[in-house]
Amino acid sequence: MTKSLVIVESPAKAKTIAGYLGAGFVVESSIGHIRDLPKRASDVPAQYKKSAWARLGVDVENGFKPLYVIDPEKKSQVKKLKDLLKQVDQLYVATDEDREGESIAWHLIQVLSPKVPVKRMVFHEITRKAIQAAIDAPRDIDQRLVDAQEARRILDRLYGYEVSPVLWRKIMPRLSAGRVQSVATRIVVERERARIRFVRAAYWGMEAEFAKQKGTGSLVATLHSLDGKRLATGKDFDESGKLKRKEAALLDEKQAKALAADLVGRRFEVSSVETKPYKRSPSPPFMTSTLQQEAGRKLRFSSARTMQVAQRLYENGYITYMRTDSTTLADDAVTGVRKQIAQMYGDDYLPASPRKYAKKVKSAQEAHEAIRPTGDTFRTPEEVARSVGKDEARLYELIWKRTVASQMQDARGETLQVRIVGTTDNGQRCEFSVTGNTITFPGFLRAYVEGSDDPEAELLNREKHLPALSKGEGLDGSEFKPSGHETQPPARFTEASLVRRLEELGVGRPSTYASIISTILNRGYVRKKSSALIPSFKAFAVVTLLERHFPDLVDYAFTARMEDDLDAIASGQADAEPWLRRFYFGKGKPANDTATGGDGSKNVERTSDVGLHAMVNDQMGEIDARDINSIPIGTDDEGRGIVARVGRYGPYLQRGDDTVSIPDDMPPDELTVEKSTELLNAPSGDRQLGSDPATELPVFVKAGRFGTYVQLGELDPDSKEKPKTASLFKSMTAETLTLEQALKLLGLPRHIGNHPEDNEPITAQNGRYGPYITKGKDTRSLETEEQIFTVTVDEAVKLLKEPKKRQRRAAAEPLRTLGKDPVSEGEITVRNGRFGPYVTDGETAASLRSGDSVEEVTLDRAIELIQMRRERGPVKKKKKKAKKKAAKKKVAKKAAKKKAPAKKKAAKKKATKKAAKKKTAKKAAKKTTKAAAKKTDSSEA
DNA sequence: CAGTGAGCGAGCTTCCGCTTGACTT
């Protein structure tokens, strides 16, 4: 008897399938992808580390060949699979039938290199029948589909790892950009911009009560039209507060109140009665996106919580797979649920034939079923509730109801619209309107009402019965109540509505919706305020940069176009390599077009002739960091411009030389000119200690960039002179500082006395590196800050005679000594430094990596670290550049204020220079570009 | 977002999509 190994993606799936296959089959899982591009430099094997492309993990110069590494966390699983493979004589690769699943299958075969026959089997539902059918009809790996996945993977890597560093340089470190997250962020930012633009408009309406004159019965109707012109409501206004529908009747408060008064006691009659039948069909069964939306709306679950709860239901066999983009139900399930509907609700509730739901999203890959209760006959929510937690029970109930409802009969009903008319004193015809609703047959609504918790209660709410009325019948009007309304800005996105929007755009996959949300939350691009997603000023800066400099990449249709191209690759109409080449390097010279034409790839790269690589490199210098980080707020009453800026220490407001931090919880759309002015004018919380008796100027304690400092006098915007400032000593605190101490600090530098030999003055002061004394250009450090006040001329003279001390004592004591380095024969020690713990042999130093610890690092590991460091060559000295940077910064700042145009010219000049050099010597030009870019951006950041 | 004079071991951040535990709080 032959024995076969079946590999699926999910352990829970493996368990179920093993039960269906029985003896002769071992079922194990890959637990998702087993290999991927290296995530970071330390994951790159040593032999590739020196390659220019190691940073990307893709050899962009040689056909975009990807470098795959086995995820360290998957190593044990791969070993397990290898061991199992030795015991069988046949392998079935049964990963999902979609792009990623086909790729996992290919990687498995590559890594396991099986010596036994390999078959690819696929199924879309986990039923005994489907599994057996799949075993009986194996196929081969679809290499083109694998290629399409690889192309997708590489494009995402190039996008993410090329564009993110641009953000680090121009905005702040650790930011990220990607095909999916950047679009998600942009969606939220655009909505906030719409809210900022939004201008409220006021409009008035009216309600009134009408009673039958013959018989009993009354109803409340709302004013609908005046002289045949429909009264304006919220949707008749545009976002600037103007009426879109010109022929609308608009009432202001005064007019509405006057009208109400006029209508009292008038004659009213029914002008029309209209009934219309309607029909509503159930929603399709859940897939991941709709499950997250409904669980968000009905249960107030976040996307992540929904998925965690669903995972537990799945693992325990209560529901089918929860990461799916399909709304298809297995035939067995349909049969079962129809039986159940007939039993529970009766045959009337059962359509003649099962409902089929067409796929909604173009990019859907439908490797699985819809999310539904498992089995031919579903366990009832009550039954399941007994054996699972509260969250699981609620989610299961939701899934059960939605699935059952999806196969039930349409709901049918009637609407009844009544119009009532009366005439004012001056002959204005006022028409009121009310709509009643009767459900004649509830159909699926018996089981499930979208967005509602209790279908039975909801059914009652949906019905609105009106008294029987006939046309021409007279009515008594009373209780005329004018009501004022305001248009509302577009609502902020919630997790659920963002997922819905992403899905519409084809952006993201079922397995990633929840993680997209957590990515943009973790990066600080959005935060949650109850369920609303509020973008940060940082997000505004990031989105602005991307829109201006990489517009194609954040185009909402980018992913849709990419999917078209991937389809072309998967169907063999196009090849991945030229497609990637065009995305990354742009279109070649016209001569090449004929040579590379005909591969069918047409979309992603068509949007720009310049490839990503050149865009990033050439534009780095042109991106004006200062400009990108500025979000204009407006101009105040005095004509002063106010901008919000994203700084290294968070967002702040700027108005001329005034700055103030923006509170963390300030939503961008609430930061109006008025609010900004209020913040800028508010007292900063700085304390005034008193006044300087000599100058009569006030003395303040302030918190600044470099800690607490004291300041003499206030900043005078008309004068170029800045007030004198001085940092507090480490021994001082803002709370306990006295005026006397402050004045002493402000008196620095202290003139100690003159040198006895040349009579040159010696002063003592505090600096970047601590306290020191100076005589002309000569300096010496002091040991304590207090010495600034106590050091004598004699002590100073003595110090100046001594050579400058190299203050390396701080790092002198090694934490551990490990042994000799085999290369340099130096003693290897573990030390603590500015950048954290490191090992050194006295010549080469290397930081401990994330997996290392001071206590546990071994001699062998230290030798390895030092060797790796050695191989990368000497560190480039950046000292001079840093100095230049600082000098340039000041110059540029001044220049920027006075003559901004000159700066732009300079930037352009640089760019042209770069381009010229690039043609002649590629590598040399690269360096120049980088240097130029660095200079430009540091001068503007 | 204030302003000052040395020199010291740099290294790393980041993408999207497949999947679970193993950790801690």
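Residue numbering restarts at 1 for every chain, and letters A, B, ... go by the order of the sequence lines.
For Glu843(A), there are no salt bridge (charged side-chain N to carboxylate O under 4.0 Å, His left out) partners two or more places apart in sequence or in a different chain.
Between Tyr652(A) atom OH and dA2(B) atom C1' the separation is 14 Å, expressed in whole Å. The CG-P distance, from Leu553(A) to dC15(B), rounds to 15 Å in whole Å. Distance Tyr161(A) OH to dT13(B) P: 8 Å, rounded to the nearest Å. With rounding to whole Å, Glu843(A) atom CD is found 17 Å from dC8(B) atom C1'. Rounded to whole Å, the distance from CG on Leu745(A) to C1' on dT4(B) is 14 Å. The nearest whole Å value for the distance from the CZ atom in Arg870(A) to the P atom in dG11(B) is 13 Å. One atom, CZ of Arg645(A), and another, C1' of dC1(B), lie 11 Å apart when rounded to the nearest Å. In this structure, CG of Leu865(A) is placed 12 Å from C1' of dG11(B), rounded to the nearest angstrom.
A salt bridge between Arg509(A) and Asp325(A) is present, with a side-chain N of the basic residue lying under 4.0 Å from a carboxylate O of the acidic one. By the 4.0 Å N-to-carboxylate-O rule, Glu563(A) lies too far from Arg152(A) to be salt-bridged with it. Ion pairing between Asp36(A) and Arg153(A) holds under the 4.0 Å rule for side-chain N and carboxylate O. Using a 4.0 Å cut-off between charged nitrogen and carboxylate oxygen, Asp96(A) and Lys13(A) count as a salt-bridge pair.
Within the 4.0 angstrom heavy-atom criterion, base atoms lie near Thr659(A). Pro165(A) comes within 4.0 angstrom of a nucleotide base, judged by non-hydrogen atoms across all strands. Within the 4.0 angstrom heavy-atom criterion, no nucleotide atom of any strand lies near Leu158(A).
Judged purely by distance below 3.5 Å, without hydrogens or angles, the side chains of Tyr314(A) and Arg312(A) never pair a donor atom with an acceptor atom.
With rounding to the nearest 0.5 angstrom, the NZ atom of Lys538(A) is 11.0 Å from the OG1 atom of Thr185(A).
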Which parts of nucleotides 16-22 of chain B does protein reach within less than 4.0 Å, heavy atoms only, written one letter per nucleotide 5' to 3' as B for base, S for sugar-phosphate only and - for none?
BBBBS--
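In secondary-structure terms, DNA chain B builds no stem of at least 3 consecutive Watson-Crick or G-U pairs having both distances under 3.5 Å.
Annotation for Leu799(A) and Arg780(A): closest pair O-NE, 3.2 Å, computed over non-hydrogen atoms.
Both geometric conditions, a ring-centre gap below 5.5 Å and a plane tilt below 30°, are not fulfilled together for Trp168(A) over the base of dT14(B).
Put simply, the side chain of Arg816(A) gets close to the backbone of Val857(A): a donor and an acceptor are under 3.5 Å apart.
The side chain of Arg780(A) contributes no N or O atom lying less than 4.0 Å from OP1 or OP2 of dA6(B). Regarding contacts with the backbone of dC15(B), a side-chain N or O of Ser176(A) is found under 4.0 angstrom from either OP1 or OP2.
Summary of the strand contacts: Ala846(A) and Tyr772(A) both lie near DNA chain B, and taking for each the nucleotide with the nearest heavy atom, the more 5' one is attributed to Tyr772(A).
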Check step by step if salt bridge (Lys or Arg N to Asp or Glu O under 4.0 Å) holds for Arg861(A) and Glu864(A).
CA-CA 5 Å; Arg861(A) 175 64 178 157; Glu864(A) 187 188 4; 3.2 Å; yes
